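One structure below.
This chain uses plain numbering: 1 for the first residue, then up along the sequence. On a predicted model such as this, the values are computed, not experimentally measured, just so you know.
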Amino acid sequence: MPQLMPRSSVRLPLTRDDSRIVVVLAGPPGAGKTTAARQSGLEVFDRDDRQWHTERGFQDALRDLGRRSDARAVVIRSAPTSRARARWSALTDATACYVLTTALDECVRRINQRGRPGRHREIAAAATWFERFDTRDGVETFEGWSIDRPQRPSSGVRIPVDGAVRPRSGVRLPVEQ
């Protein structure tokens, strides 16, 4: 199967149009979650998008996504704890969950560069994210997109099937300038 480097917005040539793919992508503010999600070519659910006027409306959309058998999406959430990632994965019936662990100083640089109102609150949220972050659930670090070969689940762990999107080690996402 081809391996794709996330150098620009690319469509992943998945092997089956009917493959269900829902990836929860977690990480601190400023980690690059939105950039990475857009590079997947999948539908992106990001609470920061203007279409979501309330958290409740966003969660209702995620619940609907979890019911769709044809869903092909990336869901962006902060989710620093195993419990939070489990919650979002269950709500969306996610096929995979990954975390972006961009260094705090880089997150702060990106937050400042965006220049949004409330950036001090975002910086505080990033620092809190790192204080709360745990890996008790064995969450894998996201480092790019690739196409994975089919695998069989073992020991109750849910592994994506044919055409599923998985992160690829050793690929760093480009810093948005």
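A pairwise comparison of heavy atoms in E106 and R109 identifies OE2-NH2, 2.7 Å as the closest pair. Of all non-hydrogen atoms in R20 and S69, the two that sit nearest each other are CB-O, 3.6 Å. Nearest heavy atom pair, residue L100 against residue A36, reads CD1-CB, 4.3 Å. Heavy-atom minimum distance, A126 versus P29: CA-CD, 3.7 Å. The two residues I21 and V23 make their nearest non-hydrogen contact at CG2-CG2, 3.9 Å. When all heavy atoms are compared, the tightest approach of T102 to C107 is O-SG, 3.6 Å.
Taken to the nearest 0.5 Å, the OG atom of S40 stands 10.0 Å off from the CZ atom of R72. Atoms OG1 and CZ, on T135 and R85 in that order, are 7.5 Å from each other to the nearest 0.5 Å. Rounding to the nearest 0.5 Å places OH of Y98 at 10.0 Å from CG of L25. We find the CG-CG distance between L65 and L91 to be 8.5 Å, quoted to the nearest 0.5 Å. The CG atom of D137 lies 8.0 Å from the OG atom of S89; values are rounded to the nearest 0.5 Å. Taking CZ from R121 and CD1 from I111, the interatomic distance works out to 11.5 Å, rounded to the nearest 0.5 Å.
The only option from P28, P80, S78 that meets the side-chain contact (heavy atoms from CB on, under 4.5 Å) definition with R132 turns out to be P80. With respect to V22, the side-chain contact (heavy atoms from CB on, under 4.5 Å) criterion is satisfied by exactly one of D93, V75, L62, V74: V75.
Checked by atom type and distance alone, the side chain of D46 pairs as donor or acceptor with a backbone atom of D48 at under 3.5 Å.
Both tests do not hold together for R47 against W52: distance to the six-membered ring centre under 6.0 Å, angle to the ring axis within 45°.
Taking a 4.5 Å side-chain heavy-atom cut-off between Ile, Leu, Val, Met, Phe, Trp and Tyr, the cluster of V44 extends to I76.
Between F142 and W145, the angle of the ring planes goes over 60°, which puts this pair in the perpendicular group of the 30/60° scheme. Classification of the F45-F58 ring pair by plane angle, with boundaries at 30° and 60°, yields tilted.
For R83, the CZ atom counts as loosely surrounded, since its 6.0 Å shell holds 12 or fewer non-hydrogen atoms of other residues, nucleotides or ligands. Heavy atoms from other residues, nucleotides or ligands lying under 6.0 Å from CZ of R63 number more than 12.
Placement of I123 and F133 within a single hydrophobic cluster is found when ILVMFWY residues are connected by side-chain heavy-atom separations under 4.5 Å, directly or transitively.
T81 and D134 share no donor-acceptor pair across their side chains, judged by distance under 3.5 Å alone.
A salt bridge is absent between E122 and R119: the closest approach of a Lys/Arg side-chain nitrogen to an acidic carboxylate oxygen does not fall below 4.0 angstrom.
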